[in-house]
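Below is one structure; the comments refer to it alone.
Small disclaimer: the values here were computed from a predicted structure and weren't measured.
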Amino acid sequence: MIAGYFVVLMIIAYFTSRKATSESFFIANRNAPWYMVAFAMIGTSLSGVTFISIPGMVAGQGWSYMAVVLGYTVGYLVIGTVLMPLYYRLRLVSIYTYLEQRFGFWSYKTGAFFFLLSRAVGAAFRVFLVAGVLQLAVFDGLGVPFAVTVTAAIFLIYLYTFRGGLKTILWTDTFQTMAMLICVAVSIYLMADELNLGFAGLVKTVKESSMSQIYFSDPKDDKFFWKQFASGAFITIVMTGLDQDLMQKNLSCRNLADAQKNMFWFTIAIVLVNIFFLSLGVLLYQFAAAKGITLPTNPETGAVIGDAVFPMLATNHFTLFAGIVFILGIIAVTYASADSALTALTTSFCVDMLSIGQYEERKQKTIRQLTHFGFSIVLIVIILIFRAINDQSVITAVFKAAGYTYGPLLGLYSFGIFTSRGLHDKLVLPLCLLTPLLTWFINANSEAWWDYKFGFEILILNGLLTFLGLWAISRPRNLELNPVA
């Protein structure tokens, strides 16, 4: 089944990568239908971590994540009305080119550097977690070592993306988003059937469960609704609007109006998809309770290991058909995220670091294919390092640290869009290296100092510190000499 799945991806790649150029690799010739982009973005914006973690977290967090999702809608509104008009007006291939036009060389390279660092670590972390699930569920039984599993997985992504790039990915991610949604729908249907629930009973079970509550009571609680809501808005602005990976798809639309239509319908779709994932989580725990299944727990705390619930039930207690559907679903959502990340890394490095546009097309092709291969190796190496560390708390900390690096991007773009001041450009990189460290220090001591626990809103603090730091190294600038502002 897995082999057949990849055969389909290769067939799609063959037909979509013929006569591919750098323009089709980077921005799909700016000719992609908006509805295809909107659908493909669902799979890209999620990941195997989302697929496993959101259903698993409802036992301890309830539906608090729904507040984050509702905050997304505000973030997407800002992207559609503020960032997209800017990107389309400047006809950007890499969105970080804006920073060079607005501030200068070092601001531009700083923005691109933080994206490359964040996306490389983030993509590797997501593939690592899912590769571990697949290794336990499938490849250990076949005697295939983990290193071979990971190398083959990344190599397959390289094979179906290295020629067509984004033009191919829009088609493969459309297919993979459909596969992921079918997996979630089938899992919900099969569990509802096992629990003898019709549609009305299903809705009632989810609605009345204590696991579907949203928290409004304690503002200091990291699950508090308005903290989560505000965090969701800023997370979306930064991790979608200021991230080359997802914005690359938006920039492939024919014009700004199509890109905004894509964003509007994508917003509705992503809210509904997350409702399905949270509902699936409630049903997983109801199913386990009804069948008397003991869920995996942390030996030190006794708490259920949420990330292990869906994989364990799907591969050990669902039917064979449902188990296969789960495996294909998790592959689909992981590859939809990883293939897009690999192409975005290649695009940013080629455009932002190598200035690929200065070369003729034949040399551009050689450069981008070598860069694409190079980043494939980088992802494999990072994943194998995670495996060698073999300490989930350390690996998770590394992933969270990568999240800190989006704060400087938030500060840079906010400063560029909402002020007319210039910067002492050479000071930008040292400042943006300092602010995540300062943010980490504040976060580590906030409970002792103020009895306050930061959640996702740590990104807002990081962006604010960067903004204030940029103001400190700024100077007045004549708007006539700075038309981008």
So CG of L412 and CZ of F114: to nearest 0.5 Å the spacing works out to 8.5 Å

From L251 CG over to L246 CG, what is the distance, rounded to the nearest 0.5 angstrom? 11.0 Å

Quick one: closest heavy-atom pair of S446 and Y452, and the distance? OG-O, 2.8 Å

Is there a side-chain contact (heavy atoms from CB on, under 4.5 Å) between L278 and V282? Walk through the geometry before answering. CA-CA 7 Å; L278 289 166; V282 174; over 6 Å; no

Just do the side-chain contact (heavy atoms from CB on, under 4.5 Å) check on I182 and L328 with the steps written out, would you? CA-CA 10 Å; I182 289 172; L328 293 180; over 6 Å; no

Between P408 and T110, is any pair of side-chain heavy atoms under 4.5 Å apart? no

Side-chain heavy atoms of E100 within contact of D352, under 4.5 Å: no

Working for side-chain contact (heavy atoms from CB on, under 4.5 Å), residues M41 and D173: CA-CA 8 Å; M41 278 180 62; D173 282 6; over 6 Å; no

Testing the basics here: between F375 and F349, what is the closest heavy-atom pair and its distance to 0.1 Å? CE1-CB, 3.5 Å

Closest non-hydrogen atom pair, R368 against S22: NH1-OG, 2.9 Å

Would you please say whether a donor-acceptor pair under 3.5 Å links the side chains of T347 and Q248? yes

Interatomic distance, CG@N443 vs CD1@I458, rounded to 0.5 Å, equals 4.0 Å

So if I apply the ring pair (Phe, Tyr, Trp, His ring centres under 6.0 Å) rule between Y98 and each of Y87, Y413, Y88, which one comes out positive? Y413

Non-hydrogen side-chain atoms of L77 and M263 separated by less than 4.5 Å: no

Here the gap from L468 atom CG to L438 atom CG, rounded to the nearest 0.5 Å, amounts to 10.5 Å

Distance-only, no hydrogens or angles: does the Y335 side chain make a donor-acceptor pair with backbone N or O of A153 under 3.5 Å? yes

With F199 via side-chain contact (heavy atoms from CB on, under 4.5 Å) - residues at least two apart: V203

To the nearest 0.5 Å, what is the distance between CG on L342 and CZ on R119? 11.5 Å

Tightest non-hydrogen contact, residues A124 and I383, listed as O-CG1, 3.4 Å

Any donor-acceptor N/O pair, T205 side chain to G201 backbone, under 3.5 Å: yes

May I ask you to decide if L345's main-chain N or O and S348's side chain share a donor-acceptor pair within less than 3.5 Å? no

Is any side-chain heavy atom of V74 less than 4.5 Å from a side-chain heavy atom of T236? no

Could you go step by step and tell me if F128 and I382 meet the side-chain contact (heavy atoms from CB on, under 4.5 Å) rule? CA-CA 9 Å; F128 166 75; I382 295 174; over 6 Å; no

Look at the aromatic rings of W226 and F229 and report parallel, tilted or perpendicular, splitting at 30° and 60°. perpendicular

Any donor-acceptor pair under 3.5 Å from R475 side chain to L423 backbone: yes

How about S94 and Q244: do any of their side-chain heavy atoms sit closer than 4.5 Å? yes

Using a 4.5 Å cut-off on heavy atoms from C-beta on, say whether the side chain of F415 contacts that of T466. no

Over 60° means perpendicular and under 30° means parallel, so tell me whether F25 and H372 are parallel, tilted or perpendicular. perpendicular

Please check this pair: side chain of N274 against backbone of I270, looking for a donor-acceptor N/O pair closer than 3.5 Å. yes

More than 12 heavy atoms of other residues, nucleotides or ligands under 6.0 Å from CH2 of W34: yes or no? yes

Do side-chain atoms of T73 reach the backbone of L70 as a donor and acceptor pair under 3.5 angstrom? yes

For Y96 and S107, indicate whether the former's side chain and the latter's backbone hold a donor-acceptor pair under 3.5 Å. no

Just by modelled atom types, is the F105 backbone N or O under 3.5 Å from a matching donor or acceptor in the D425 side chain? yes

Could you tell me which non-hydrogen atom of L410 sits nearest to which non-hydrogen atom of G463, and how far apart they are? CD2-CA, 3.9 Å

Measuring only between side-chain heavy atoms, which start at C-beta, is P476 closer than 4.5 Å to R421? yes

Work out which heavy atom in V37 is nearest to a heavy atom in A32; give both atom names and the distance. CG2-CB, 3.8 Å

Does F175, at its CZ atom, have more than 12 non-hydrogen atoms belonging to other residues, nucleotides or ligands within less than 6.0 Å? yes

Interatomic spacing from OH in Y72 to OG1 in T240 - rounded to 0.5 Å: 8.0 Å

Quick one: ring-ring contact (aromatic ring centres under 6.0 Å, His included) partners of F234, sequence neighbours excluded? none

Any side-chain heavy-atom pair from Y285 and S209 closer than 4.5 angstrom? no

Check whether any side-chain N or O of S24 sits under 3.5 Å from a backbone N or O of K167 as a donor-acceptor pair, and report yes or no. no

Those residues at least two apart in sequence (or on a different chain) that pass salt bridge (charged side-chain N to carboxylate O under 4.0 Å, His left out) with D339 are none

Test ring pair (Phe, Tyr, Trp, His ring centres under 6.0 Å) applied to F277 and F51, step by step: CA-CA 7 Å; F277 272 112; F51 194 83; 5.8 Å; yes

Taking S252 for the side chain and K249 for the main chain, is one N or O donor matched with an acceptor at less than 3.5 Å? yes

